[in-house]
Amino acid sequence: MKAIRLYETGGHDVLKYETLDDPKCSQEGVVVDVKSSSVNFSDSLIRRGLYPYMPDMPAILGNECAGIIKEVGSSVTHLKVGQKVIVFGIPSYCSAIAAPANRVIPLPDNIDLDEAAALPIIYHTAYHMMHTVKRIKEGETMLVYAVAGGVGTAAIQLAQLAGVKVIGLTSSEEKATFVKKMGIDHVINYKTENVVERVLELTDNKGVDLIMDSVGGEKFGDNFKMMNTFGHLIWFGIAGGQPTTNLLEAIGGSPAKCHAVSMFHLYGVINNPALFVPSMKVLIGLLAEGKIKPVIHERLDLAEAGKAHEILEKHENIGKVILNP
Ligand SMILES: NC(=O)c1ccc[n+]([C@@H]2O[C@H](COP(=O)([O-])OP(=O)(O)OC[C@H]3O[C@@H](n4cnc5c(N)ncnc54)[C@H](OP(=O)(O)O)[C@@H]3O)[C@@H](O)[C@H]2O)c1
């Protein structure tokens, strides 16, 4: 099998394209022929040594893929050879994968494998921030950072299904035009516009009910100027660096606003089958019915994993980058 392995953290050249022994099927698992592996911003953070949960080296990168089962262990009864599946939570920048049956999610036949590979991380992240952490209601408004990216475009689609308005932040006119075509309510180019002023203008000075901030960094404190009473800020990424804002001062500065702040990490959902299993069913159902459709920016060969990371790091992607082994 082919795989992208990492022996040390660093630039794109630390991603090594290698030939490894084919994986062996365990009694309780399956072997999957990987057709599509999804690239996430967290893969780039791991490669650079910036992620809070670093794997042991050498490591195969990636966390989600889709493919076709080619071998089934003797004690697995609900999966069969030839079936389309998602494999989740197992290193996935590779052409074949051995996985325990509980990490393998069967797919309806009509589902495109690139879209299936793109689904779990970005849609679960947006879905659980909206419906588990905030419990957002129809008619409310949310502000989404990096709205043209993977999580951002998933959030737009899930918001439309929930009757929630979206104000999105992005860095270019091309990305803004794309999300407008998706039907976003408002988009702000944070490079050329004053974000706080525009958000207040768009919400009659009330601010938004939910903020999904994956950027953090120096401007994190501005979030508290753009939230409605009982507004909820969910921080879930460090694309712009660690924030330095004093949270107690920020919340205590306007006590009557009753602001809430949460940290979100998908591992909290994955490690809780009572949350993860039902939402996976919901999301696969929505995909099969065509009610959600992952936006795919580019499909690359597995060997081009470095180029895939570069696309995300240079802010070039609209939606997801997929690796096809
Ligand atoms: N906590 C969790 O469980 C969880 C789960 C999934 C993802 N995330 C986080 O959510 C974010 C989105 O993930 P994704 O995989 O869908 O990536 P993505 O949004 O497709 O790609 C990253 C985007 O972030 C924006 N960005 C803003 N500041 C940036 C900076 N300083 N450097 C690079 N990019 C910057 C860029 O969009 P603009 O050009 O529009 O600024 C860029 O295109 C990432 O920060 C990721 O770590 C967290």
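Just so you know, residue 1 is the first one in the sequence shown, and it goes up from there. Because only heavy atoms are used, hydrogens play no part in the values below, and waters and symmetry mates are left out as well, while side chains stay in. Order of appearance sets the numbers: ligands from 1, and atoms from 1 within every ligand.
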> Near Asn40, which atoms of ligand 1 are under 4.0 Å from a heavy atom of that residue?
Replying inline: 15 (O)

> Does some non-hydrogen atom of Gly152 fall short of 4.0 Å from ligand 1?
Replying inline: no

> How close does the nearest protein non-hydrogen atom get to atom 40 (O) of ligand 1, and which residue and atom is it?
Replying inline: Thr170 OG1, 2.8 Å

> Heavy atom of Tyr145 under 4.0 Å from ligand 1?
Replying inline: no

> Looking only at protein heavy atoms, which one is nearest to atom 37 (O) of ligand 1, and how far off is it?
Replying inline: Lys175 NZ, 3.5 Å

> With a 4.5 Å limit on heavy-atom distance, are the side chains of Thr141 and Leu143 in contact?
Replying inline: no

> Checking side chain to side chain contact (heavy atoms under 4.5 Å, CB included) for the pair Asp21/Met1: CA distance, chi angles, key distance, verdict?
Replying inline: CA-CA 6 Å; Asp21 290 342; Met1 70 177 229; over 6 Å; no

> Taking N or O atoms only and a 3.5 Å limit, does Phe41 qualify as a polar contact for ligand 1?
Replying inline: yes

> Short list, please: which atoms of ligand 1 are under 4.0 Å from a heavy atom of Gly149?
Replying inline: 18 (P), 19 (O), 20 (O)

> Can Glu201 and Arg198 be counted as an ion pair, charged N to O under 4.0 angstrom?
Replying inline: yes

> Which of these, Ser38, Ala126, Ala146, Ala154, has its nearest heavy atom closest to atom 24 (O) of ligand 1?
Replying inline: Ala146

> Are any of the N/O atoms in Ile121 less than 3.5 Å from those in ligand 1?
Replying inline: no

> Based purely on interatomic distance, does Lys320 place a nitrogen or oxygen under 3.5 Å from a nitrogen or oxygen of ligand 1?
Replying inline: no

> Which bit of Tyr267 gets closer than 4.0 Å to ligand 1, counting heavy atoms only: side chain, backbone, both or neither?
Replying inline: neither

> Quick one: does Glu316 get an N or O within less than 3.5 Å of an N or O on ligand 1?
Replying inline: no

> Quick one: nearest non-hydrogen protein atom to atom 20 (O) of ligand 1, plus distance?
Replying inline: Asn317 ND2, 2.7 Å

>> Any nitrogen or oxygen of Phe264, side chain or backbone, less than 3.5 Å from one on ligand 1?
In response: yes

> How does Leu266 reach ligand 1, by side chain, by backbone, by both or by neither, if only non-hydrogen atoms under 4.0 Å count?
Replying inline: both

>> To check your reading of the model: name the closest protein heavy atom to atom 39 (O) of ligand 1, its residue, and the distance in Å.
In response: Ser171 OG, 2.5 Å

> Identify the closest protein heavy atom to atom 45 (O) of ligand 1: which residue and atom is it, and at what distance?
Replying inline: Ser214 O, 3.3 Å

> For ligand 1, which part of Val151 has a heavy atom less than 4.0 Å away: the side chain, the backbone, both, or neither?
Replying inline: both

> N/O of Ala239 under 3.5 Å from N/O of ligand 1, yes or no?
Replying inline: yes

> Any chance the side chains of His232 and Ser262 put a donor and an acceptor closer than 3.5 Å?
Replying inline: yes

> Quick one: are Ile69 and Lys80 in side-chain contact, heavy atoms under 4.5 Å?
Replying inline: no

> How far is atom 41 (O) of ligand 1 from its nearest protein heavy atom, and which residue and atom is that?
Replying inline: Tyr190 OH, 2.6 Å

>> Please report whether ligand 1 has a polar contact with Gly150, defined as an N or O pair separated by less than 3.5 Å (distance criterion only).
In response: yes

> Are Asn63 and Asn40 close enough that a side-chain donor and a side-chain acceptor fall under 3.5 Å?
Replying inline: no

> ligand 1 and Thr125, any nitrogen or oxygen pair closer than 3.5 angstrom?
Replying inline: no

> Which heavy atom of the protein is the closest neighbour of atom 27 (C) of ligand 1, given with residue, atom name and distance?
Replying inline: Val215 CG2, 3.6 Å

>> Is the shortest side-chain heavy-atom distance between Met227 and Lys257 below 4.5 Å?
In response: no

>> Pairing donors with acceptors under 3.5 angstrom, does anything connect the side chains of Asn317 and Glu298?
In response: no

>> Evaluate Ser42 for polar contact with ligand 1, using N/O atom pairs at a separation under 3.5 Å.
In response: no

> For the residue pair Phe220 and Phe224, does the interplanar ring angle fall in the parallel (under 30°), tilted (30 to 60°) or perpendicular (over 60°) class?
Replying inline: perpendicular

> When you measure from atom 8 (N) of ligand 1 to each heavy atom in Phe236, Tyr123, Trp235, which option holds the nearest one?
Replying inline: Phe236

>> Please say yes or no: joined through hydrophobic side-chain contacts below 4.5 Å, possibly via intermediate residues, are Val147 and Tyr123 part of one cluster?
In response: yes

> Mind checking whether Phe88 and Phe276 have parallel, tilted or perpendicular rings, split at 30° and 60°?
Replying inline: parallel

> Going by heavy atoms in the side chains, are Ser92 and Val34 under 4.5 Å from each other?
Replying inline: no

> Do you know the tightest heavy-atom contact between Ile318 and Phe178?
Replying inline: CG2-CD2, 3.4 Å

> What's the shortest distance from atom 32 (N) of ligand 1 to any protein heavy atom, and which residue and atom give it?
Replying inline: His315 NE2, 3.3 Å

> So among Met226, His186, Glu197, which one has a side chain to side chain contact (heavy atoms under 4.5 Å, CB included) with Leu202?
Replying inline: His186

> Taking 4.0 angstrom as the limit, do Glu289 and Lys291 come out as a salt bridge?
Replying inline: yes

